[in-house]
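The following block contains the structure, expressed as C-alpha cells.
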Amino acid sequence: MTKTVTMYGYPKCSTCVKAKKALEQHGVEVDYKHIVEETPSATTIQELHQKSGEPLKKFFNTSGQSYRSQGIKNKLPELSEDEQYKLLASDGMLLKRPIVTDGKDVTIGFKEEMYQGKWY
C-alpha cells in the first residue's frame with residue numbers, strides 16, 4: 001500500500017525540494033501544495049499545530065524575509081493563538097516549510113532522521 005502525504009512547500013526552497021525527493025525515493029506519494037498560492041487557512045494551521053505536538057512558534061519561518069521585515073519576533077508574545085493562526089494564514093512565506101501531514105501526523109521542516117521513522 002502506497003503512503004500518501006500532503007506537503008506544503010515552496011518550489012524555490014532547497015529544503016522542500018530535498019524533502020519531496022526523499023519522500024518519493026521511499027515510495028511515498030506527495031500531494032504538493034504551493035505554500036504561497038495555496039496557503040493553508042487559519043483553521044487548517046490550527047489543526048496541523050494540534051496534530052504536530054510542537055509549540056506554535058515552530059510554525060513560523062523565523063529566517064524568512066516576511067518574518068523579519070514585519071518585526072514579528074517582537075509582536076508574537078502579545079498575540080493570542082488565534083491571532084497567530086490568522087497571521088500565519090495571511091502570508092504563506094511566514095510558515096516554516098515543508099509542512100508534511102498524512103491527516104494524523106505532522107512534521108515541520110526536514111531532517112532525514114525525522115522522516116525515517118515517521119513517513120518511511
Side-chain angles (χ1 to χ4, degrees):
M1 188 179 93
T2 307
K3 185 170 196 122
T4 303
V5 296
T6 298
M7 173 188 276
Y8 292 95
Y10 188 66
K12 293 179 183 161
C13 166
S14 60
T15 306
C16 295
V17 172
K18 281 184 212 155
K20 186 172 187 276
K21 190 175 174 185
L23 289 166
E24 289 172 342
Q25 282 176 338
H26 288 87
V28 179
E29 200 172 300
V30 179
D31 176 18
Y32 192 85
K33 307 263 186 227
H34 190 300
I35 207 158
V36 176
E37 293 171 5
E38 296 180 77
T39 306
S41 69
T43 305
T44 300
I45 294 167
Q46 182 177 7
E47 289 168 8
L48 291 167
H49 169 231
Q50 289 167 345
K51 289 174 184 169
S52 74
E54 297 284 355
L56 184 52
K57 68 180 183 190
K58 276 253 180 127
F59 277 78
F60 284 88
N61 178 9
T62 55
S63 59
Q65 207 173 337
S66 289
Y67 184 88
R68 291 196 310 264
S69 66
Q70 293 180 45
I72 291 172
K73 179 183 178 185
N74 301 324
K75 294 177 189 172
L76 273 186
E78 284 125 48
L79 296 177
S80 69
E81 275 198 354
D82 277 349
E83 290 168 322
Q84 290 180 50
Y85 294 136
K86 287 180 183 132
L87 181 61
L88 286 165
S90 72
D91 180 355
M93 293 306 272
L94 286 175
L95 283 159
K96 182 161 176 70
R97 54 191 186 258
I99 299 172
V100 177
T101 182
D102 62 359
K104 292 188 285 292
D105 289 317
V106 175
T107 55
I108 311 155
F110 172 67
K111 286 193 175 65
E112 185 73 40
E113 320 80 72
M114 175 174 67
Y115 275 39
Q116 275 174 347
K118 186 79 74 175
W119 306 124
Y120 45 79

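Along the sequence shown, residues carry numbers from 1.
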| task | Determine which pairs satisfy salt bridge (Lys or Arg N to Asp or Glu O under 4.0 Å) with at least one residue from residues 83-95, sequence neighbours left out, and list them in order. | result |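 Passing the test, one end in residues 83-95: no pairs.
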| Connected-component partners of V17 among ILVMFWY, side-chain separation under 4.5 Å |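 The other cluster members (ILVMFWY side chains, heavy atoms under 4.5 Å, direct or chained): none.
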| field | Under the side-chain contact (heavy atoms from CB on, under 4.5 Å) test, residues paired with Q84 that sit two or more places apart | value |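 Checked Q84 against side-chain contact (heavy atoms from CB on, under 4.5 Å); matches are L56, F60, L76, L79.
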| message | Suppose we screen for side-chain hydrogen bond (donor to acceptor under 3.5 Å, both in side chains). Which residues come up paired with S90, at least two apart in sequence or across chains? | response |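 By the side-chain hydrogen bond (donor to acceptor under 3.5 Å, both in side chains) rule, S90 matches no residue at all.
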| task | Pick out which of L23, I35, I99 makes a side-chain contact (heavy atoms from CB on, under 4.5 Å) with M7. | result |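 Per the side-chain contact (heavy atoms from CB on, under 4.5 Å) rule, the option paired with M7 is L23, out of L23, I35, I99.
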| Residues in side-chain contact (heavy atoms from CB on, under 4.5 Å) with E47, at least two apart? |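 Listed in chain order: T43.
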| message | Y10: which residues meet the ring-ring contact (aromatic ring centres under 6.0 Å, His included) condition with it, sequence neighbours left out? | response |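 H34.
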| said: Show me the pairs that pass salt bridge (Lys or Arg N to Asp or Glu O under 4.0 Å) and involve residues 3-31, at least two apart or across chains. | reply: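 Pairs touching residues 3-31 that pass the test: K3-D102, K20-E24, D31-K33.
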| query | Which pairs with one or both residues in residues 68-78 pass salt bridge (Lys or Arg N to Asp or Glu O under 4.0 Å), sequence neighbours excluded? | reply |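 Not a single pair qualifies under salt bridge (Lys or Arg N to Asp or Glu O under 4.0 Å).
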| message | Applying side-chain contact (heavy atoms from CB on, under 4.5 Å), can you list everything that pairs with N74, at least two apart in sequence or on another chain? | response |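 With sequence neighbours excluded, N74 shows a side-chain contact (heavy atoms from CB on, under 4.5 Å) to no residue whatsoever.
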| Can you name the side-chain contact (heavy atoms from CB on, under 4.5 Å) partners of T101, sequence neighbours left out? |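 side-chain contact (heavy atoms from CB on, under 4.5 Å) list for T101, sorted by chain: T6, L48, V106.
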| task | Check ring-ring contact (aromatic ring centres under 6.0 Å, His included) between Y85 and all other residues, then give those that pass, not counting sequence neighbours. | result |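 With sequence neighbours excluded, Y85 shows a ring-ring contact (aromatic ring centres under 6.0 Å, His included) to H49, given in chain and number order.
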| Taking only residues at least two apart or on different chains, which pairs with a member in residues 48-63 satisfy salt bridge (Lys or Arg N to Asp or Glu O under 4.0 Å)? |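 Every salt bridge (Lys or Arg N to Asp or Glu O under 4.0 Å) pair that includes a residue of residues 48-63, provided the two are not neighbours, is E54-K58.
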